[in-house]
2 protein chains.
Amino acid sequence: MAQQSDPRQNSMLAALPLDEYQRLAPLLEPVELKLGASLAESGETMRYVYFPTDAIVSLLCVMEDGDSTEIAVVGAEGVVGISLFMGGETTPSRAIVQSAGSAYRLSGPLVKAEFYRAGPLQDLLLRYTQALITQMAQTAVCNRHHSLDQQLCRWLLLSLDRLPTNELRMTQELIANMLGVRREGVTESAGKLQRAGLIAYHRGRITILDRPGLEARVCECYAIVKKEYDRLMTYRRPPRDRGIG
Amino acid sequence: MAQQSDPRQNSMLAALPLDEYQRLAPLLEPVELKLGASLAESGETMRYVYFPTDAIVSLLCVMEDGDSTEIAVVGAEGVVGISLFMGGETTPSRAIVQSAGSAYRLSGPLVKAEFYRAGPLQDLLLRYTQALITQMAQTAVCNRHHSLDQQLCRWLLLSLDRLPTNELRMTQELIANMLGVRREGVTESAGKLQRAGLIAYHRGRITILDRPGLEARVCECYAIVKKEYDRLMTYRRPPRDRGIG
DNA sequence: AACGCTATGTTCGTCAGCGCACAGTGAGTG
DNA sequence: CACTCACTGTGCGCTGACGAACATAGCGTT
């Protein structure tokens, strides 16, 4: 309760012009996101969109037999709950807190009202959605074509980018759930990284020792996604009447 | 040139209120989409959005080494080029005509202008985008968890849904490219379906003989995606000021 | 200090899909 | 009408991931 994070630690909120932000700020409700908490269940109507400030949320696609796969990860660069402003209200996927932390939330009706003002927030939300689409597409290819070793590196780097520290709390079991693979497979791949001196693993705590080393092992997917986020979230939209860009 | 398809064969255009459609109709430019033609290349700015009337377009994610994977397929139910109204202008994926046919296109500036009217078209485009996201997410899980046999069934059904006939022109080589697998693998899986009497394969022509048979073999992914399209594209948006839905 | 639970490490047989090489076979072309 | 090329079918050995079973080890609890 005591210390609340600054909403503008979230990149979306930070990117708003000051007047827009000031109008929005009183509507933002701080929430603590606990590890493993569910922000969205398949098919259930979402009540809020969440702007993480330092939490990380995984979007998972869960199947009938319980197998799941992470299709995207959201941190302080984005927002959870795009189906609210996209018009569908629900999605067939789950949103689970992968790393505990803080967020600010905005109720569905409010975010829709803001979205329909067609101002900077709409623009940001749509661009972010496109970046998310890229992440999902790249995840699909990566699942198909790359080794578990590479995918683990990708996953570690994606998480690392969204964390203030170089330590993440996450068991191999959970990582396996995210990646949609066996726990033993993660043990093996993580073992390789550990023996190579890139990470130190200890009972649910992973410390990244050599980030460049991870970047050297990761597949292209990581860079593609990251580059697309940078492009989409820093580019300033030209005025709407400017014609062909 | 002679016979042009009715633009309203495209579900998006058909779903527009008549007055909206009539305003839009003169702006729509008929185009023939030839097999293998590219509507979008990775990183290149798109000039048009395309509303297929009877063509099918594959969205592919291509990697450095040339390997590719289809991340979604678009037919008369949708539109190609969402990055134009989402704000990114480009995507890191390719759009390739998978089945020749007709489409209507709308230039980037025009579609943006229409989108920003915040009318029924915007609503449709956003809902469609969400459905597309679902398709991509489900493709990612399917790539991870399901056998090639099942994925081939899914692919055939997705194509079939977007075709007026029960015959599709597509070599096993091309299907393999779409699914991101080996050609031999497709030969083997298609052989099983053929021996089971579900399809007849003959030099680039696939005839579906037993659709229910395919549906019995396909994984859940097909139904999930289809259901979500139905839900999103038939649901009518409540008025914007109605509060919590 | 003993216990129990959770997390990690290891092994082994199995199998789907890969990469490669090559054999048929139809369809269109000169 | 023969040729060629594209498409399909098949047979290897190989490998990465799977599933199951089990061993070890840290950490908190009592």
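Quick caveat: nothing in here was measured; it's all calculated off a predicted structure. In the text below, chain A, chain B and the rest are named by the order of the sequence lines, each starting its count at 1.
Contacts between residues 140-149 of chain A and DNA chain D, defined by a heavy-atom separation under 4.0 Å, are made by A/Ser147, A/Leu148.
No cation-pi contact links B/Arg154 to B/Tyr222, judged by a cut-off of 6.0 Å to the six-membered ring centre and 45° from its axis.
The pair B/Lys226-B/Asp161 counts as a salt bridge, with a side-chain nitrogen and a carboxylate oxygen less than 4.0 angstrom apart. At a threshold of 4.0 Å, the pair B/Asp149-B/Arg217 does not count as salt-bridged, since none of the basic side-chain nitrogens sits closer than that to a carboxylate oxygen.
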(request) For A/Ser58 and A/Gln98, run side chain to side chain donor-acceptor pair (under 3.5 Å): C-alpha distance rounded to whole Å, both residues' side-chain angles, the deciding distance at 0.1 Å, then the answer. (result) CA-CA 6 Å; A/Ser58 278; A/Gln98 174 203 309; 2.7 Å; yes
(request) Any chance you could lay out the side chain to side chain donor-acceptor pair (under 3.5 Å) test for B/Ser102 and B/Glu32, step after step, and finish with the verdict? (result) CA-CA 5 Å; B/Ser102 305; B/Glu32 284 304 306; 2.9 Å; yes
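Evaluation of the salt bridge (charged side-chain N to carboxylate O under 4.0 Å, His left out) rule for B/Arg162 yields B/Glu77 as partners, not counting sequence neighbours.
Checked by atom type, the side-chain pair A/Tyr229/A/Gln135 shows a donor-acceptor distance below 3.5 Å. No side-chain N or O of A/Gln172 forms a donor-acceptor pair with one of A/Arg203 less than 3.5 Å apart.
The CD1-P distance, from A/Ile206 to C/dA7, rounds to 13 Å in whole Å.
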(message) So if I define the base as every atom that isn't primed, P, OP1 or OP2, how would nucleotides 2-13 of chain D read as a B/S/- string at a heavy-atom cutoff under 4.0 Å?
(response) ----BBBBB---
